[in-house]
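Below is one structure, written out as structure tokens; comments come after it.
Labels below follow one simple rule: chain letters A, B, ... track the order of the sequence lines, proteins then strands, and each chain is numbered from 1.
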Protein chains: 2
Amino acid sequence: MLFFNTYNHKTCGDSMNQRQQELLDRLNRTGRILIEEEAEHFGVTSMTIRRDLRFLEKNGLAVQTKNGAIPKPKIHAAPLNIAEDSAVKRKIAARLLEMIEPSSTVLLSTGTTTLTFARLLAQQNLPLTIITNSIPITSALFQTRIKVILIGGELRTNSLDLVGPAAEKYLSEYHIDLLVTGCDGADAQQGFYTSDLNLANLEKLSAKVSDKVIVITESRKFGRKALVKFAEIVDVDAIITDNRLKAIDRELITRNGVEIIVT
Amino acid sequence: MLFFNTYNHKTCGDSMNQRQQELLDRLNRTGRILIEEEAEHFGVTSMTIRRDLRFLEKNGLAVQTKNGAIPKPKIHAAPLNIAEDSAVKRKIAARLLEMIEPSSTVLLSTGTTTLTFARLLAQQNLPLTIITNSIPITSALFQTRIKVILIGGELRTNSLDLVGPAAEKYLSEYHIDLLVTGCDGADAQQGFYTSDLNLANLEKLSAKVSDKVIVITESRKFGRKALVKFAEIVDVDAIITDNRLKAIDRELITRNGVEIIVT
DNA sequence: GTTGTATGTGTTAAAAAATAACATTATTTG
DNA sequence: CAAATAATGTTATTTTTTAACACATACAAC
């Protein structure tokens with residue numbers, strides 16, 4: 001028989017009473033509770049339930065809504081929301097959607113623009129296989145007809161995605177019809193940039209195992225260079241961006257034989 | 001230059017106006033908006049903002065709260081909540097926490113009881129490395145001191161976890177201090193069961209690469225056998241369960257030299 | 001036993017928020 | 001342009017939430 005040491009890690013020091021425990025259970029089970037219903041169920045006044053909900057909210061376990069509460073959203077935390085899901089991105093995503101061939105295998109890289117696209121995909125009913133290294137994208141696509149394969153690796157906590165040698169090794173065994181990726185910076189002559197070295201390596205490999213490559217990005221990314229270049233302009237087959245792209249950039253790209261689509 | 005076909009996949013047919021678009025953007029950016037603030041920002045009455053929020057809620061993009069709204073939780077969807085996070089599980093998790101050695105590497109398998117434990121871990125400040133195949137567990141642990149490694153594989157949409165040959169291959173290269181896993185069924189003489197063949201294979205391999213194995217499970221799982229056995233009783237070093245475990249089961253387990261802890 | 005303190009709950013009145021119904025103003029459309 | 005339609009504003013009413021206090025219960029000290 002093995003021996004396990006015991007450690008005195010302090011457990012959450014609140015002191016929930018029995019009713020609050022059960023209230024939280026019911027909340028998590030149903031996804032939503034109503035004050036009046038719970039008051040009746042527990043045989044207490046609605047005021048008491050209100051106080052309980054206030055307590056749960058204070059402890060980060062629930063969010064109070066109109067006549068009740070919902071569980072505290074668990075993944076949808078701050079850093080991921082920044083600049084996410086703008087109208088510009090939704091337009092770009094809608095344009096990309098028209099170019100997706102049913103039943104194909106698409107590698108969808110991490111990023112907020114690709115995430116917007118994934119959310120759009122989730123509303124369609126396309127038969128597709130999506131390979132991704134992004135947890136938010138995976139989350140967006142679950143419970144759809146889409147088959148999802150998530151590349152494993154080390155978690156980057158800011159962007160909730162997976163990178164590193166393990167991810168590369170994993171990816172190297174696949175063959176992809178279409179790579180869709182965003183970028184942190186772009187230059188009409190130099191190519192595409194990202195701010196993470198690990199991610200850049202993964203992107204390079206992704207392009208290598210894919211038949212076609214499409215970059216989707218807001219035009220404001222052009223002119224900004226980030227830390228690491230991961231692709232030349234000529235490495236990609238098409239770029240989708242918004243209509244504020246400078247004419248000169250547009251011409252430079254076209255001259256390289258790369259299709260550029262503005263929304 | 002490549003040619004891309006265009007397909008007429010129908011895009012979400014709502015027709016949001018400009019203000020609603022921007023409202024949604026602001027909501028996603030900040031994680032929360034207040035009606036009065038937005039009314040002032042857009043130069044409209046609060047009534048108009050209320051109508052907008054009602055619209056966004058109807059379209060599944062937001063949830064109305066007290067004086068405003070939050071973005072619709074994106075991952076925290078129905079199937080995962082069932083029976084999750086009960087008081088019994090929280091007790092078991094708290095007991096397990098005491099046995100966790102700081103700075104160790106723990107393989108935390110998919111499951112609702114292990115998820116409860118992960119949520120508890122997230123509130124501590126322990127230096128740990130957690131390897132898991134569960135997206136909810138990964139989500140629970142991000143933005144903590146814990147280093148998280150997610151095993152890639154094919155997504156099981158009901159449980160939001162990753163299994164399959166790719167996952168096994170990925171795992172086989174690691175060495176683990178402690179495996180923590182749950183089960184779908186247990187028998188004091190026969191061992192532990194799960195209802196998915198792929199997962200069973202992964203569990204077997206997990207036990208093989210781990211120094212110690214702890215099973216955490218509600219006592220009601222005892223007596224239920226599920227589809228596939230993944231471990232014998234003697235394969236594990238300790239079992240943590242609640243105090244409603246039958247005396248006979250407890251004795252049978254102890255007789256096998258396995259430590260059993262009831263909360 | 002009483003007394004005091006703390007905690008939880010109920011009750012009520014007041015404040016705030018949400019709604020419905022209708023008036024008004026823009027926007028389309030023929 | 002005029003009619004029709006949609007969007008927004010206004011107001012009165014209803015509903016929800018809050019704050020403040022009253023009551024009860026439990027526990028400890030004396």
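Between C/dT9 and A/Arg19, a contact under 4.0 Å exists linking OP1 or OP2 to a side-chain N or O. Considering only side-chain N and O atoms, A/Thr48 lies under 4.0 angstrom from the phosphate OP1 or OP2 of C/dG10.
Atom P of nucleotide D/dT8 and atom CG of B/Leu53 are separated by 13 Å, given to the nearest angstrom. One can place CG of B/Asn17 at 11 Å from C1' of D/dT8, the figure rounded to the nearest angstrom. Rounded to an integer number of Å, the gap from CD of B/Gln20 to C1' of D/dA7 is 10 Å. Following rounding to the nearest Å, B/Leu34 (CG) and C/dA18 (P) show an atom-to-atom distance of 10 Å. Counting to the nearest Å, the C1' atom of C/dA17 and the CD1 atom of B/Ile49 are 15 Å from each other. Per the geometry, CG belonging to B/Asp52 stands 7 Å off P belonging to D/dT8, to the nearest Å.
Side-chain contact between B/Leu121 and B/Val106 is absent, with no heavy-atom pair separated by less than 4.5 Å.
B/Arg95 meets the salt bridge (Lys or Arg N to Asp or Glu O under 4.0 Å) test with B/Glu98; sequence neighbours excluded. Taking the salt bridge (Lys or Arg N to Asp or Glu O under 4.0 Å) definition, one finds that B/Arg32 meets it with nothing, sequence neighbours left out. Residues that satisfy the side-chain hydrogen bond (donor to acceptor under 3.5 Å, both in side chains) test with A/Thr241, not counting sequence neighbours, are absent from this structure. For B/Arg26, the salt bridge (Lys or Arg N to Asp or Glu O under 4.0 Å) partners are B/Glu38, not counting sequence neighbours.
In terms of position on DNA chain D, the residue among B/Thr45 and A/Ser46 whose nearest nucleotide sits closer to the 5' end is B/Thr45.
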Practice problem: Determine, for nucleotides 19-29 of chain C in 5'-to-3' order, which nucleotides have protein heavy atoms under 4.0 Å from the base (write B), from only the sugar-phosphate (write S), or from neither (write -). | Solution: BB---------

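Applying the side-chain hydrogen bond (donor to acceptor under 3.5 Å, both in side chains) test to pairs two or more places apart or on separate chains, those with a residue in residues 243-252 of chain A are A/Glu251-A/Arg255.
Picking from C/dG10, C/dA18, D/dT8 the nucleotide with the shortest atom distance to the side chain of B/Ile35 gives C/dA18.
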